[in-house]
*Asks:* 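One structure coming up, written as structure tokens, with questions to follow.
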Amino acid sequence: MIKFYNTLHRKVEEFTSIKDKEIRLYTCGPTVYDYAHIGNFRAYLFEDLMRRYLSFMGYKITHVMNITDIDDKTIRKSIEEKKTLTDFTKKYVEAFFEDIKTLNILPAHHYPKATEFIPQMIEMIQVLVDKGYGYTTDDGSVFFKISNFPDYGKLANLNPDEMRTGSRIESDEYEKAEGRDFVLWKSRKPEDGEVYWDSPWGEGRPGWHIECSAMSTHYLGTHFDIHCGGVDNIFPHHENEIAQSCAATGDKFVNYWIHNEHLLVDNKKMSKSLNNFHTLRDLLNKGYSPETIRYTLISTLYRQKLNFTFEKLEASQKAINRLRELKRRLETVSSNSGIDLQNECKTVIENIMKILGDDLNISGALGVLFTWVGDVFGLLDQNKVSSTGAQNGLELLDKIDTILGVINTQSHDIDSSIEVLIAKRETARKEKDWVLADEIRNQLLEIGIILEDTPDGPIWKKK
RNA sequence: GGCGUCGUAGCCAAGUGGUAAGGCAUCGGUCUGCAAAACCGCAAUUCACCAGUUCGAAUCUGGUCGACGCCUCCA
């Protein structure tokens with residue numbers, strides 16, 4: 001049984017897909033005005049973990065992720081840099097694709113951009129206006145009338161009547177009937193520069209929320225299985241999406257709303273506005289491997305706040321090395337006698353999948369995995385594993401890695417200078433020149449290479 | 001003010017009624033030229049605090065304290 005925490009009902013509930021063994025999934029993607037930070041990637045990695053798990057369990061998944069390339073920030077920054085909107089966002093779209101590849105995130109099947117779906121958005125807004133959910137204002141903007149949609153506030157568990165009218169609403173430059181109504185179409189303003197489209201209501205641009213409604217419906221239909229995003233999107237973004245989509249189509253829209261918690265730095269939300277963020281590129285430049293970053297962000301339950309520290313990165317690298325070391329040891333086994341690990345492996349994989357089925361309890365699953373890892377190391381030290389057993393162990397690691405994605409992705413680029421040093425040290429060791437041998441080992445350590453002597457010769461790994 | 005999440009060893013983190021997984025770090029031992037890796041052993045009489053329910057509570061109930069998030073930019 002697979003269970004997920006559904007924000008809509010605020011509880012963990014059994015997952016059933018609309019169509020048997022098929023899942024239609026929509027995940028909120030990046031706004032491409034800057035490089036994404038690792039807090040953003042925590043969301044994409046949680047979605048990747050979920051997707052890989054569901055694939056493993058035999059579901060065929062259609063995954064759509066939007067790319068927001070029209071909003072206040074993309075427009076403002078493109079004007080600052082004196083570029084067209086598309087020219088400006090192109091760089092960050094490309095960076096985003098590079099980064100998800102680096103992190104071994106499975107690509108979505110569709111990456112619609114907001115700028116490419118203006119007609120669909122206009123069409124949906126028109127439907128809302130025709131049905132009486134949308135109204136226009138004198139300046140040519142269109143708003144969604146919340147009071148006509150009784151279910152408004154259900155996802156966020158907010159009562160619209162009690163919503164605080166704060167400074168942000170007062171400072172809103174667009175006219176609207178009620179403070180809590182949200183914008184579907186924004187009339188053209190001087191600060192938008194040349195970014196505008198023609199519409200039945202005049203020149204302007206779409207509001208933020210409508211893009212996800214239009215694009216998800218376009219690819220996945222009016223009723224699909226899962227919609228993901230960060231908890232900060234629950235309100236207003238997803239609440240508004242539900243209102244727009246259900247009002248426009250009359251259908252149910254989404255069965256499971258699944259939200260990930262934030263990544264924290266110094267126990268505060270990692271965000272651009274607090275300037276406490278790390279980008280993937282920053283961490284790679286500091287020498288941390290993509291797998292380390294992936295493991296760090298993936299290995300805590302997605303609904304738990306995760307405080308980012310460099311200690312955690314170090315611990316993750318060690319944990320990955322432990323898995324890779326087991327793999328290496330299993331690959332050296334060539335014994336006909338011993339345990340074949342058949343039943344052990346079967347039980348372990350079943351347990352892991354069962355635990356992951358409980359709302360993606362990755363920590364629990366890793367606990368099972370590492371208990372097994374310790375057991376196998378113990379048997380290997382006593383030469384009690386047969387080559388069949390080693391094969392079974394390797395298969396288990398491969399299976400697990402189709403979900404974790406951190407063991408087999410090593411970019412173990414052969415650096416010839418490292419090989420030369422290792423060879424030099426081996427000569428020194430044969431001559432029992434321990435001083436030189438140790439010197440070379442320390443030299444390698446300084447450039448982040450750990451050298452280990454094994455009965456089969458020296459091996460090296462990244463620190 | 002409203003809504004919500006969380007508090008488990010030095011750090012991270014599972015466990016939601018039956019007597020505390022796992023990772024990292026530390027310390028002893030085996031192995032090693034020395035290391036590293038691996039293994040063995042040691043490590044919370046205890047789950048923020050107080051009260052209650054129960055044969056039994058980290059887990060349920062009430063309260064207290066503390067941390068964080070959302071309430072129209074946000075993963």
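In this text the structure is predicted, and so the values were computed from the model without any measurement.
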*Asks:* Suppose we screen for ring-ring contact (aromatic ring centres under 6.0 Å, His included). Which residues come up paired with Phe308(A), at least two apart in sequence or across chains?
*Replies:*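 Expected list: His278(A), Phe310(A).
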*Asks:* Write down the protein N/O and nucleotide N/O pairs, taken from nucleotides 28-36 of chain B, whose separation is under 3.5 Å; answer none if there are no such pairs.
*Replies:*
unit_1	atom_1	unit_2	atom_2	d
rG33(B)	O6	Arg425(A)	NH2	3.4
rG33(B)	O6	Arg429(A)	NE	3.4
rG33(B)	N1	Asp438(A)	OD1	3.0
rG33(B)	N2	Asp438(A)	OD1	3.3
rG33(B)	N2	Asp438(A)	OD2	2.8
rC34(B)	O2	Arg441(A)	NH2	2.6
rC34(B)	N3	Arg441(A)	NH1	3.0
rC34(B)	N3	Arg441(A)	NH2	3.3
rC34(B)	N4	Asp453(A)	OD2	3.2
rA35(B)	N6	Asp453(A)	O	3.1
rA35(B)	N1	Asp453(A)	N	2.9
rA35(B)	N3	Arg441(A)	NH1	2.9
rA36(B)	O2'	Glu452(A)	OE2	3.2
rA36(B)	N1	Asp453(A)	O	3.4

*Asks:* Please identify each residue that fulfils ring-ring contact (aromatic ring centres under 6.0 Å, His included) with Phe370(A), with sequence neighbours left out.
*Replies:*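 With neighbours one apart ignored, the set is empty.
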*Asks:* What string of B, S and - do you get for nucleotides 12-25 of chain B 5' to 3' if you count protein non-hydrogen atoms under 4.0 Å?
*Replies:* SSSS-----BSSSS
*Asks:* For the side chain of Pro236(A), counting heavy atoms from C-beta on, which of rA75(B), rC70(B), rU72(B) is nearest?
*Replies:*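 Nearest listed nucleotide: rU72(B).
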*Asks:* Which listed nucleotide (rC68(B), rU72(B), rA75(B)) is nearest to the side chain of Ile146(A)?
*Replies:*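 Comparing rC68(B), rU72(B), rA75(B) against the side chain of Ile146(A), the answer is rU72(B).
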*Asks:* Glu350(A): which residues meet the side-chain hydrogen bond (donor to acceptor under 3.5 Å, both in side chains) condition with it, sequence neighbours left out?
*Replies:*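 Glu350(A) satisfies side-chain hydrogen bond (donor to acceptor under 3.5 Å, both in side chains) with Lys346(A) once adjacent residues are dropped.
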*Asks:* With nearest nucleotide decided by heavy atoms, which residue, Asn260(A) or Arg328(A), maps closer to the 5′ end of RNA chain B?
*Replies:*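 Closest to the 5' end, via its nearest nucleotide, is Arg328(A).
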*Asks:* Enumerate the residue pairs fulfilling salt bridge (charged side-chain N to carboxylate O under 4.0 Å, His left out) with a member in residues 300-310 of chain A, sequence neighbours excluded, ordered by first and then second residue.
*Replies:*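 Those involving residues 300-310 of chain A are Glu261(A)-Lys305(A), Arg303(A)-Asp359(A).
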*Asks:* Applying side-chain hydrogen bond (donor to acceptor under 3.5 Å, both in side chains), can you list everything that pairs with Lys384(A), at least two apart in sequence or on another chain?
*Replies:*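 Testing Lys384(A) for side-chain hydrogen bond (donor to acceptor under 3.5 Å, both in side chains), a comparison that skips the adjacent residues, returns Gln382(A).
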*Asks:* My understanding is that only one of Lys318(A), Glu325(A), Gln317(A), Arg324(A) makes a side-chain hydrogen bond (donor to acceptor under 3.5 Å, both in side chains) with Asn321(A); could you say which?
*Replies:*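 Between Asn321(A) and the candidates, side-chain hydrogen bond (donor to acceptor under 3.5 Å, both in side chains) is satisfied uniquely by Gln317(A).
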*Asks:* By salt bridge (charged side-chain N to carboxylate O under 4.0 Å, His left out), which residues pair with Glu426(A), not counting sequence neighbours?
*Replies:*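 Checked Glu426(A) against salt bridge (charged side-chain N to carboxylate O under 4.0 Å, His left out); matches are Arg429(A).
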*Asks:* Given the P atoms of rA14(B) and rA36(B), what is the spacing between them in whole Å?
*Replies:*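 Nearest-Å result for rA14(B) against rA36(B) at atom P: 31 Å.
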*Asks:* Name all residues meeting the ring-ring contact (aromatic ring centres under 6.0 Å, His included) criterion together with Phe377(A); count only those two or more places apart in sequence or in a different chain, and write none if there are none.
*Replies:*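 Per chain and number, Phe377(A) pairs via ring-ring contact (aromatic ring centres under 6.0 Å, His included) with no residue.
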*Asks:* Holding to side chain to side chain contact (heavy atoms under 4.5 Å, CB included), I want the full list of residues that pass it with Glu211(A), two or more places apart in sequence or in another chain.
*Replies:*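 For Glu211(A) the side chain to side chain contact (heavy atoms under 4.5 Å, CB included) partners, ignoring immediate neighbours, are Asn66(A), Thr68(A), Ala114(A), Met121(A), Trp208(A), Met215(A).
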*Asks:* If I pick the C1' atom on rU59(B) and the same atom on rC6(B), what distance separates them, to the nearest angstrom?
*Replies:*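 Taking atom C1' in both rC6(B) and rU59(B), they lie 15 Å apart.
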*Asks:* Among all residues two or more places apart in sequence or in another chain, which pass the ring-ring contact (aromatic ring centres under 6.0 Å, His included) test with Trp257(A)?
*Replies:*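 ring-ring contact (aromatic ring centres under 6.0 Å, His included) check on Trp257(A) returns His227(A), His238(A), Phe253(A).
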*Asks:* Applying a 3.5 angstrom cut-off to the pairing atoms, does RNA chain B sit in any stems of at least three consecutive Watson-Crick or G-U pairs? List them by first number.
*Replies:*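 If one scans RNA chain B for consecutive Watson-Crick or G-U pairs, the stems found are B:1-7 with B:65-71, B:10-12 with B:22-24, B:27-30 with B:38-41, B:48-52 with B:60-64.
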